[in-house]
Each structure stands twice: as structure tokens, then as C-alpha cells.
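Working notes for the structure below.
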Amino acid sequence: MPEGHLKFRPAGEIRKVLLIEDEIINQEILKMYLQDTYEVLAAGTGREALDIIHAQYETISLVLLDLNLPDMHGIDILRHIEQDSRYACLPVIVMTADNESEVECLTEGAIDFIPKPYPQQKVVLARALRTIELFEDRDILSWTERDSLTGLYNKDFFYRYASQLDAYHKDEPTDAIVVNINHFRVINDRCGKNCGDEVLKQVAEKLLEIVQTNGGIVCRREADTFLIYSPHSDDYHSFLEEASVILNIEEMSETRVWLRMGIYADVDKSLDIERRFDRAKMAADRVKDNFNKNIGLFDNSMREAELLAGQLIADFPAAIREKQFEIFYQPKFNVRSEKPVLSSAEALVRWRHPKLGMVSPGVFIPLFENNGLIQTLDHYIWSEAAAHVRGWKERLGIALPVSINVSRVDMYDPQLIEKLKAVVEDNGLGFNDLFLEVTESAYTEDAGQIIDKVRQLRDLGFHIEMDDFGAGYSSLTMLSMMPIDALKLDMQFVRNAFKNGKDTRLLEVMIRLAEAFKVITIAEGVETEEQMLTLQAIGCDIVQGYYFSRPLPAEEFEAFMTSCLSPGLKR
Ligand code: C2E
Ligand code: CA
Ligand code: CA
């Protein structure tokens, strides 16, 4: 639970003070002191006071409490306020003639004292105001420093506090840790968002408990990603064991939540705090989808990958300027009739790096997806591809549609639709000249919003292909809602079907499934004649892979295209 609730007081609204005092004369004096500045609610008994608190705690700014009440002791009221988290936003000033109770009141949560007999009006007012302001500021702080779902710190405050921790423990070895929930998306999808939230809360609670015992701090960075900064430990296995809570939720009772973690142990404190956690995340990503391993350690090979990543990011602007990115085209063949017919091509980017030679997109795409550079790169590739399509039309009289890859990160670009429209229009093309490949994982991240965007693109006339289908996780219900024209099976399906003896049952299921949703199927990564013929026999519509051709540089592809052209393709 977040500690403290941000108190919303509309501008100009007068603050309320609850005065708990049984002696009429004292009540009257304080009312007189306060009533020009505050709205005063008065309670003469403990019972009355608790009723008022219960009904109005959200709008009360201050409680003034007398210790001697006819029906209970003031300390009991203090305890009551302390114990109920809803009342955490209520500051209490105790009014007493007896110095003895002061310490006890402080430990029970009182903020300040006003002695009896009462001091002058201006002293009382000053104390009241100071306490209220102190509390309102503290409330704002505790609200903004925390994640509203789990009550853990949010990322920004976490980084700040982590740096402060360093200041106290300069020479102590410290670990940066990233914790993820295994298959959180599946959990969310299966048991619903509320239940997913509950899982996050229970994991958060457990992690907090652990760092409170072992030392350190924890935050939720986003979704199911938690960060921990704590004194170095050699035994993270028992940590994981302990942190893998058994859920106490109706929908999933007795289910154990499995976590995975990436650790950058004994961090280099001269590094930026965020860099330290980038390293831990790198280590965590290494054990993603690994059934035997749930702890990853940042090591030297990752250090090298990190160096390369740094270089590639630094070289990116020059690469765009100097047109170092090139498009290769890989043909797709329609295999519905016996003789395969060239039907389109996929645009695949390559980086001709001046020092590193040809760099494969498998290396730089994930990197650029992490920092937004992908949007610039993709836009560049789309424009280049559109220019090629236009050139083929103008010079060769050939209209061959090209699939461009739309990263899941592009899907969050509010300008995406405008950009794609402009790419088409600026090159004098029609929307059916470009196909969009959107990877399956894009759909599952923020399904509603993305489905909506894809639908708009499809309504414009773009042909939509869901890439890497089967690699991620989408439910059948989602599939039925998706506005797509083609399912592109993940390469792994083809690979597995022909591995150690042939078993194409799963492939067939996928193809039937696509048929049921009235979309065509594309198989990629098809390398042999046997694979091609089998796919053709079981009803796959389109085939792409080394069997027909590797991705080719634009000029080579032009020659390829011209040579295998059937008259039907000339529009
Ligand atoms: P993808 O979209 O699934 O592309 C298919 C990958 O499989 C390509 O790798 C292609 O060269 C490779 N491939 C094609 N046929 C075969 C085959 O028969 N056997 C084998 N073993 N591999 C085959 P590539 O070009 O390295 O691209 C890797 C990934 O990078 C792509 O996967 C795509 O996700 C991404 N990518 C490539 N170009 C772009 C781009 O312009 N924008 C974005 N956002 N992503 C891109
Ligand atoms: Ca693709
Ligand atoms: Ca693919």
C-alpha cells in the first residue's frame, strides 16, 4: 500500500481541523483561536472523535487531541490512527499539561505538543500551520516517490536513493539486481488484469520484506520489472527461492510465481547508476525463456557486447547521414499452384559499417529498439524501400509489393500512421504496394491500443502480416480480434517440423487455424525442396527462404525478379 494519500484540497477551500476536547471552556478557547483560519470540527468524546475521523479523514488537515477524555484515553485514539493506513495522512498534535506522557505520545505517532494552559493564539496557530504544511509536503513526497500499485519506490527516486546509499557505504561491495516474473504476460492474460496486479503486489511485498532483512532498497521499474540495490551476496539461489511467493489469490491460489534475476555483482561505483542496472538487465535477459536457469550474472562477454552496443549507438547518426544502411530483398513465392510464383519481397536491413564490415540486423535492431533509434532507422528503411518499389515500376514496369518490418516500438509512435501514409504518398504509390510485418509480440504488449492502430492502418489499405507467429504468446481469442491478412509462422516451426524425423502436425494445425480466421499463411526459413513441397502439400500459401533465395542487394534482386517474372506480374 502506498504510505499516505495525497490530500486533494481544491484551491481556496478552507482546511478542516478536528478538535478533540471534552472540557467546554477549553473547546471554546481553541475554537475562538482557530475559527478565522480553519473550519473547526469538535468532538467531546473519543467515540465521537473516531466517528468523525472515519467519515471525514480525507478532508481533515489536522487533529488536536486532548489526552483525558471521558470514554477513553487520548493514546488509544493515537494508536487507532497509527494502525489504520487510511489515516496515515492525519497529523496529530497532543494537548497536555503533563510532560510525562510526551514520550509515549511521540512513539505512538504524535507530531507535536501544545501545552496546557494554552499559549497565546499566535503560537497555537503557528504550530498548527507548521504541522499541516509539513505533512502536506511529506504526503506529496511519499506519493510521488512511490509506485501507486505496489507502494515500492518508483524508478527515479530509487536511483536517487541508491546513490545516497553509496554515499553511506562507499567501500562496501554492492549488487545491482533486476528481477522479473517468469511469463508474467501469460499470467496476466489468463487470470485478468486485476489478478495480474495482485500478483505484482504480492511479489513486491515479498521483495520488500527481503531487502528489509538483508539491507538494500527495491523499486518497480515498470510492468513486472523490479530493481534491487543491496549489499553484495554470494547466495542468490535462496533469495530466489524465498522470493518466489506462493500466491494467495482466489483465481490462482497455491500457484507459485517463478522469478528470474539478472545480477551485476559488486558494481563499479564510478559508473552511472542507470548503467549498472542496464548491466543487470542484460544479465537477466540472458536467462529469459531458459528453463534450467533463472539467475544470470553479468560477465565479460556481456561487457564486450556492451562495448559494441556503445559503439553502434555512437555511430548511428553518421550511418544514417552517410547511407550506410542498405536494404536487401528476399523474395516470397506463392505456392498455391504447382509452379511457385514470385508474389512479393521482404525488405531486410543491413549495416555496411566502415570499420566492422557488414553488421546483421540481429545485432543492432534489438539495441535500437531499446533506445528509440529504431524509429529513425525504420522510417529511413521504409522510405528507401518505397523508392525502390517506385523505381521498379518506373524503370522496369514491374509492380511487386514489398513487406517492410514495423518494430513493436514503432507501434507506440503517435505519428506512425502519418509517417507511413507520407512514405506511400511521397513516392506516388498505393497502400497495396507496401505490406507491413508486425511482430506478434507487439500485439500482446498493449493489445487494445495496438490492435486499434493496426486496424486503422489496415483500413487505409495496407496489407498486414503478423510476423513471428507462435514465437511469443497470443491467445486464440486475441487472434480472432486481430485485423490481419496473413500469419507469418515463426521460423522455429518450420525448423522443428523437419528436425529429427519429420512431424508436421503442428504446422498443419497452424495452417488450419489461419484458414479458420480467413488469413493466409506464410512460412519463412524454408531451406530445402522437401520442406517446400511438404508445406505446399499441407496448404501453406506463401513460402520464403534460402530455398528460393537469400536476401539480395537491391540490384541483384532486380535481376532475380526480372528473370523469374511471369507475365502475370506485370501490371
Ligand atoms: P525477420 O523479420 O523474422 O526476418 C527473417 C530473418 O530470417 C532474416 O534475418 C532473414 O535473412 C532470415 N532468413 C530468411 N530465410 C532464411 C532461411 O531460409 N534460413 C535461415 N536460417 N534464415 C533465413 P535478418 O535479415 O538477419 O533479420 C533478422 C531480424 O531483424 C528480422 O527477422 C527482423 O525482425 C529484424 N529486421 C530486419 N530488417 C529490419 C528492419 O528494417 N526494421 C525492423 N524493425 N526490423 C528488421
Ligand atoms: Ca519480418
Ligand atoms: Ca519472422
Side-chain angles (χ1 to χ4, degrees), residues 312 316 319-320 323-333 344-352 358-388 401-413 416 419-420 423 434-443 463-472 474 484-499 510 521-532 535 540 542-554 556-557 560:
L312 294 179
F316 179 79
I320 288 280
K323 293 186 174 279
Q324 292 168 11
F325 291 105
E326 285 176 24
I327 305 184
F328 278 40
Y329 290 94
Q330 186 176 37
K332 293 180 182 173
F333 281 80
S344 65
E346 178 175 6
L348 293 158
V349 63
R350 305 282 179 267
W351 187 349
R352 198 181 290 279
M358 209 56 128
V359 186
S360 122
V363 175
F364 58 83
I365 296 282
L367 183 63
F368 295 162
E369 282 181 332
N370 273 336
N371 53 27
L373 293 180
I374 189 70
Q375 292 188 9
T376 311
L377 177 61
D378 272 348
H379 188 249
Y380 174 82
I381 297 298
W382 303 337
S383 309
E384 292 287 295
H388 279 141
V402 160
S403 307
I404 50 179
N405 286 285
V406 179
S407 157
R408 67 188 166 75
V409 177
D410 297 321
M411 298 310 296
Y412 295 98
D413 177 358
L416 176 68
K419 282 183 187 166
L420 282 166
V423 163
L434 289 185
F435 295 174
L436 308 183
E437 292 195 9
V438 182
T439 169
E440 181 202 359
S441 64
Y443 290 88
H463 172 100
I464 312 285
E465 302 183 337
M466 187 195 265
D467 204 355
D468 306 330
F469 181 74
S474 30
I484 54 173
D485 301 284
L487 271 191
K488 200 169 181 187
L489 305 180
D490 188 58
M491 223 176 293
Q492 214 53 44
F493 276 108
V494 177
R495 205 147 296 158
N496 290 342
F498 293 92
K499 198 169 60 182
M510 293 295 192
T521 28
I522 305 173
E524 63 180 330
V526 177
E527 296 183 349
T528 66
E529 182 170 35
E530 188 207 1
Q531 291 173 350
M532 205 288 284
L535 284 159
C540 179
I542 311 265
V543 165
Q544 174 183 358
Y546 295 172
Y547 170 68
F548 286 115
S549 167
R550 290 180 173 263
L552 301 171
E556 279 178 50
F557 180 72
F560 178 91

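Start at 1 and go down the list; that is how both ligands and their atoms are numbered.
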So F364 and W351, would you call those rings parallel, tilted or perpendicular, with 30° and 60° as cut-offs?
-> perpendicular
For the residue pair P331 and Q544, what are the closest heavy atoms and their distance?
-> O-CG, 3.6 Å
R550 side, atom CZ; E556 side, atom CD - distance, nearest 0.5 Å | 12.0 Å
Give me the pairs of N or O atoms, one from ligand 1 and one from the protein, that sit under 3.5 Å apart.
unit_1, atom_1, unit_2, atom_2, d
ligand 1, 2 (O), E346, OE2, 3.2
ligand 1, 2 (O), N405, OD1, 3.3
ligand 1, 2 (O), D467, OD2, 3.1
ligand 1, 3 (O), D468, OD1, 3.4
ligand 1, 15 (N), Q330, NE2, 2.9
ligand 1, 18 (O), Y546, N, 2.8
ligand 1, 19 (N), E527, OE2, 2.6
ligand 1, 21 (N), R495, NH2, 3.4
ligand 1, 21 (N), E527, OE2, 3.2
ligand 1, 22 (N), Y546, OH, 3.4
ligand 1, 25 (O), R350, NH1, 2.9
ligand 1, 25 (O), R350, NH2, 3.0
ligand 1, 38 (N), V349, N, 3.2
ligand 1, 42 (N), D378, OD1, 2.7
ligand 1, 44 (N), D378, OD1, 3.2
ligand 1, 44 (N), D378, OD2, 3.0

Side chain to side chain donor-acceptor pair (under 3.5 Å) against R352, all qualifying residues, sequence neighbours excluded = E326
With the Ca ion (ligand 3) as the centre, enumerate protein N/O/S atoms below 3.0 Å in chain and residue order.
-> D467 OD1, D468 OD1, E524 OE2
Residue from V349, I381, L348 passing side chain to side chain contact (heavy atoms under 4.5 Å, CB included) with I327 | I381
Would you say the side-chain atoms of N405 and E346 include a donor-acceptor pair closer than 3.5 Å?
-> yes
With H388, which residues qualify under side chain to side chain donor-acceptor pair (under 3.5 Å), at least two apart?
-> Y329
Report yes if the side chains of L436 and L420 come closer than 4.5 Å at any heavy-atom pair, otherwise no.
-> yes
Under a 4.5 Å cut-off applied to non-hydrogen side-chain atoms, are V406 and D378 in contact?
-> no
Closest approach of M466 to I484 (non-hydrogen atoms, all atoms of both residues) | CB-CD1, 4.1 Å
Row for the Ca ion (ligand 2): angle OD1 (N405) to OE2 (E346), 10° precision, value 90°
